[in-house]
Amino acid sequence: MRQSAWPKLGRRAILLPLLLLVLNGCFLHMDVVEAPPATAKAELCKECHVNEYKEWKKSRHSKSYTSDYFRRQTDNYQVKKCLTCHSASPMYKADKLTVRTENVKEGVTCVTCHLTPDNNIGGPLFVLPAHFSEMMDPYYRDVELCGTCHKEHLEEYKKVKKTLTATKQKELDTCQNCHMPTENRKLIVEGIMQYAHWAQDTKKHTFEHAVPPKLEQEWISINPTFKTTEKGFAISVVMSHQIPHSLPSGLFGFKAIDLVISLKDHSGKTVDEQIQTFYVEEDRNLVYGKYFKKTYTFPVNQEAEYVEFKVNRRKNRIDFGRVIFKQRHRI
């Protein structure tokens, strides 16, 4: 029987990019691993790492320097100590952070985390590189990487984690588990090098809260009691959470958590509502391990059949937010 041509084609499809890798691989993008002050722009990384670039571009990391809020809070960039994180030089295992002098407006950019002191591009995965690389580096799965800038978060996380059950400790083993969700895909999706790569579990570079809604639902607790008084219908709320840092958290940028208490009729229509907002500013946030207690009084409404509690995350003042908790009680 005549041998099929497909196996030969399959071998060529594998051998061709490997040959290109041997001939050109580590010399395709040597400009990526330039040391300061000649570090690469994010657009250069984008030529191969398209998905990661798009995610970073939408993230707060890319706007850490240029956001109006940060500019105002630093008196038009006069508070220099803030710049060491918001426009940081490559910080791989750095004892002291310094301000980047090039491509400053990119904020926390690719080279900030990935350029090592040896002028390699570091990462946690095995890849066929187009530049000098430090592969399979466990540091990129370590909370200490994020804690280089997010020191307050790291200290709070370490204290909280000790109090969690073994199961929840595993679920929240690192910052990356929640803030960099896993996605199976190729690291390189453009150019000839894409054919020398394969899909594997990578991390998204959005850096937003990414705890699955079901998990957040389990970790937020609202215990209400109801009582009709002379003043009206009183709802006493005891609220807490088990997310391993304050809720919301962070030092810069508007962040809020809204507790929405709604009286609903039989059709689900809201007949009355009150909102309690928690901010980072002035320490008006929900601290892990502490209970928030408050009584909300509504006029007695004969149409109300149940009470709905919702918790929304908001990242700006006009955003309705994302619902991370919902609970209903018939009255």
* Pair Glu156-Ser246, side chain to side chain donor-acceptor pair (under 3.5 Å): steps then yes or no -> CA-CA 8 Å; Glu156 188 178 13; Ser246 297; 2.8 Å; yes
NZ/NE/NH1/NH2 to OD/OE distance under 4.0 Å, Asp258 and Lys310
no
Any donor and acceptor pair, going by atom type alone, linking the side chain of His241 with main-chain N or O of Leu286 inside 3.5 Å? yes
TODO: Before accepting this row, confirm whether a basic side-chain N of the pair Arg185/Glu55 lies closer than 4.0 Å to the acidic partner's carboxylate O.
DONE: yes
If you define the side chain from C-beta out and look only at heavy atoms, does anything of Gln274 sit under 4.5 Å from Phe298?
yes
Check: Quick one: does Thr202's side chain get under 4.5 Å of Leu125's, heavy atoms only?
Finding: yes
field: 4.5 Å side-chain heavy-atom contact, Asp31 and His29
entry: yes
Between Tyr288 and His245, is the ring centroid distance below 6.0 Å?
no
Is it true that the side chains of Asn184 and Asp201 contain a donor and an acceptor less than 3.5 Å apart? yes
Given the options Arg328, Lys269, Arg330, Glu308 meets salt bridge (charged side-chain N to carboxylate O under 4.0 Å, His left out) only with Arg328
**Asked** Have Lys294 and Gln276 got a donor and an acceptor in their side chains that come within less than 3.5 Å?
**Response** yes
Ala130 and Met193 have their tightest heavy-atom pair at CB-CG, 4.2 Å
Taking atom OH as the centre, does Tyr279 end up with more than 12 heavy-atom neighbours from other residues, nucleotides or ligands that are less than 6.0 angstrom away?
yes
*Quick one: are the ring centres of Phe309 and Phe325 less than 6.0 Å apart?*
no
Tell me whether the count of non-hydrogen atoms from other residues, nucleotides or ligands lying under 6.0 Å of NZ in Lys46 goes above 12. no
I'd like to know whether CE of Met135 has more than 12 heavy-atom contacts from other residues, nucleotides or ligands below 6.0 angstrom. yes
### Message
Before you tell me yes or no, could you show the steps for Lys161 and Asp173 under side-chain contact (heavy atoms from CB on, under 4.5 Å), namely the whole-Å CA-CA distance, both residues' side-chain angles and the distance that decides it to 0.1 Å?
### Response
CA-CA 8 Å; Lys161 188 177 178 181; Asp173 186 41; 3.1 Å; yes
Nearest heavy-atom contact between Leu83 and Tyr77 is CD1-O, 3.9 Å
* Check: Thr98/Ser89 side-chain N/O donor and acceptor closer than 3.5 Å -> yes
* Asked: Do Tyr53 and His205 have ring centres separated by under 6.0 Å?
  -> no
Note: Val143 and Thr174 closest approach over all heavy atoms is CG1-CA, 3.5 Å
Worksheet entry | Any donor-acceptor N or O pair under 3.5 Å, side chains Lys203, Thr182 | yes
If we count only N and O atoms by modelled type, under 3.5 Å, do the side chains of Glu102 and Thr39 hold a donor and an acceptor together? yes
Practice task
Go through the side-chain N and O atoms of Asp137 and Tyr92 and say whether any donor and acceptor fall under 3.5 Å apart.
Solution key: yes
**Prompt:** Do the side chains of Phe278 and Leu247 get nearer than 4.5 Å, heavy atoms only?
**Reply:** no
Below 6.0 angstrom between ring centroids: does that apply to His197 and Tyr195?
no
